[in-house]
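This report concerns only the one structure given below.
Just so we're on the same page: letters track the sequence lines, and every chain starts at 1. Note: hydrogens, waters and symmetry copies are ignored here, and every other heavy atom, side chains too, is used.
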2 protein chains.
Amino acid sequence: MSDTTEEKTGHALVDDLASRIRNRVMSGEIPIGAQLRQAELAADFGVSRTPVREALRQLQSGGLIEVLPNRGAVVRVPAPWEVREAYEVRAQLEALAAARAVDRITDDQLEQLRRANQEMYDNSLAESRNGAAGLPVSRLGNDRFHTLIAEISGNARLAKVVNDINELFPRNVSAQLIVNDTRHRDENFREHERIVAALAAGDTETAAAEMREHVIKAGEQLAEWYEKRSSTVFRG
Amino acid sequence: MSDTTEEKTGHALVDDLASRIRNRVMSGEIPIGAQLRQAELAADFGVSRTPVREALRQLQSGGLIEVLPNRGAVVRVPAPWEVREAYEVRAQLEALAAARAVDRITDDQLEQLRRANQEMYDNSLAESRNGAAGLPVSRLGNDRFHTLIAEISGNARLAKVVNDINELFPRNVSAQLIVNDTRHRDENFREHERIVAALAAGDTETAAAEMREHVIKAGEQLAEWYEKRSSTVFRG
DNA sequence: TTCCCAGCAACTGGATCCAAGACGTGGAGT
DNA sequence: ACTCCACGTCTTGGATCCAGTTGCTGGGAA
């Protein structure tokens, strides 16, 4: 009877379409900058253009795609400064989440966090060998770690806003960072460990501070990726 | 050439419709809990149902309205706990905005803040005598005060997220609080003054702390209003 | 060869059409 | 008199239709 999400609202079909399109963008199946043609998506999903249009409008509200008048929708290409701004907001919010979580977290939840972190690490190790394409499962461990803390905070709005910010940027990009860069992966793992330690110790200040730094750092790395990308794209 | 908002995207008509419907809800012209019938709105604005539906979907994404499957859209009636959650998030974000603003604010902007605050106070005094209906201009002063600080922060995403949260709750409600409750009005004014003082003094810690408290307090008052309302509605 | 303009094909955006679901009413049966 | 079911109406949701716009392409002129 109790939904985890607050979404009992919304027509099944359109929300489903929005979710499926979002997944394609998030996984990199539809790359940033790509056009989203209504007819194509409609045919793909076996529906008419009408619900597709509404789904696209929903994604536009979220900020993932951009709809240009009479020219259709494209997947937004975030500017590096946008990434930094968004991650500064996210850092502030997740710091609050961590602070609130300190007083509420259970031993079981601490264990879940440790497991999610370990999964991320192990999977990214495996995937850096195999060279997995698309959305590596290591990213899922990372997502889960942050999502868990947001949920443990007990503030559903907080969790939702954090999630909305994350859905601004396709995941396959930040996934590559974890998988390909050994130092990044190790630091990420270590920072997560420190956050868990602070949560376990009941140290509100440290938990919030570690989380803030951790997120800002991740944002900086993501922003640098986009910087590098745009310079290679625009100058050869 | 330089837009203040980031919204060059979006078809004129649908965005315009969404904006107009939003205004009606925000001003209380369409009260919370009311049904939004597509045909009615379409006739009202002289368009077909199609763009209205897309506009409603956009508002749904924002969280202002709720769309029930096959039963249409209604203006959401926020539960008191939702108000508290949202305002806790807002407090955290505006605290960051205030902290960032300390190092960036100019004398001119300080003056603008003082003026917005004074306007809010004067107008709410006048309106409490006249008993203004709808959306009193005193609310505009209050909105402007907070919006200004968010903008001065220099982080557009931060300003946008704060704005999105504010658009969860119709303004005419919180406007009533300022206009009708003398103590609330005075405290509001005084708290704004303290925030401005901290900004002027370059005291980052105090600016953030004052802002956080101020927003939490406002949220508590708004939540209590909704609590009172629901008890009168459901029990007579 | 290069630039410009006209025509064309493709796509979006708004209107209309039709089917399916929800609610209210009224009548029949107990 | 009360309950339950069936029918009718109203509204939404999806499909289709049509007009308007964009951008491309090809031909002609400088």
Report task. Just call it for A/L36: base, sugar-phosphate, or nothing, with non-hydrogen atoms closer than 4.0 Å on any strand. Result ->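 Answer is sugar-phosphate: A/L36 comes under 4.0 Å of backbone atoms only.
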
Requested in this report: Report which part of the nucleic acid B/R37 touches: base, sugar-phosphate, or nothing (heavy-atom distance under 4.0 Å, all strands).
Outcome: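 Here B/R37 touches the backbone only, sparing every base.
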
Could you tell me how far apart [X] ([atom1]) and [N] ([atom2]) are, to the nearest whole angstrom?
X	N	atom1	atom2	result
A/E54	C/dG14	CD	P	13 Å
B/L68	D/dT11	CG	C1'	13 Å
A/E66	C/dT12	CD	C1'	16 Å
B/Q60	D/dT12	CD	C1'	14 Å
A/L56	C/dC11	CG	P	14 Å
B/R49	D/dT16	CZ	P	17 Å
B/D15	C/dG14	CG	C1'	15 Å
B/L13	D/dT21	CG	C1'	15 Å

Short question: side chain of [X], backbone of [Y] - any donor-acceptor pair under 3.5 Å?
X	Y	answer
A/N155	B/E85	yes
B/N123	B/E119	yes
A/R57	B/Q58	no

Requested in this report: Go through D/dG14, C/dG13, C/dG14 for me and flag the one nearest to the B/P51 side chain.
Outcome: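 The nucleotide sitting nearest to the side chain is C/dG14.
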
**Report entry** Closest listed nucleotide, where the reference is the side chain of A/V47 and the choices are D/dA15, D/dG14, D/dT22
**Finding:**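 Of all the options, the side chain of A/V47 is nearest to D/dA15.
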
Query raised in the report: Are any of B/S48's side-chain N or O atoms less than 4.0 Å away from OP1 or OP2 of C/dG14?
Result: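 For C/dG14, neither OP1 nor OP2 has a side-chain N or O of B/S48 closer than 4.0 Å.
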
Query raised in the report: For C/dG13, does either OP1 or OP2 sit under 4.0 Å from a side-chain N or O belonging to A/Q38?
Result: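 So the side-chain polar atoms of A/Q38 do come within 4.0 Å of the phosphate oxygens OP1 or OP2 of C/dG13, strictly under.
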
Query raised in the report: Do NZ/NE/NH1/NH2 and the carboxylate oxygens of B/E167 and B/R22 come within less than 4.0 Å?
Result: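 Yes, this pair counts.
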
Query - Side-chain ion pair, B/E220 and B/R84, N-O less than 4.0 Å - result: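 Here B/E220 pairs with B/R84 in a salt bridge, since their nearest N and O are under 4.0 Å apart.
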
Requested in this report: Assess whether one donor atom and one acceptor atom, taken from the side chain of A/R53 and the base of D/dG14, lie less than 3.5 Å apart.
Outcome: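 Per atom types, no contact qualifies.
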
Query raised in the report: Between the side-chain atoms of B/R71 and the base atoms of D/dG13, is any donor-acceptor pair under 3.5 Å?
Result: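 Not at all, since no donor on one side and acceptor on the other fall under 3.5 Å apart.
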
Query raised in the report: Hey, which of these two, B/T50 or B/Q35, hits DNA chain D nearer its 5' end, going by closest nucleotide?
Result: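 Comparing both residues, the 5'-ward one is B/Q35.
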
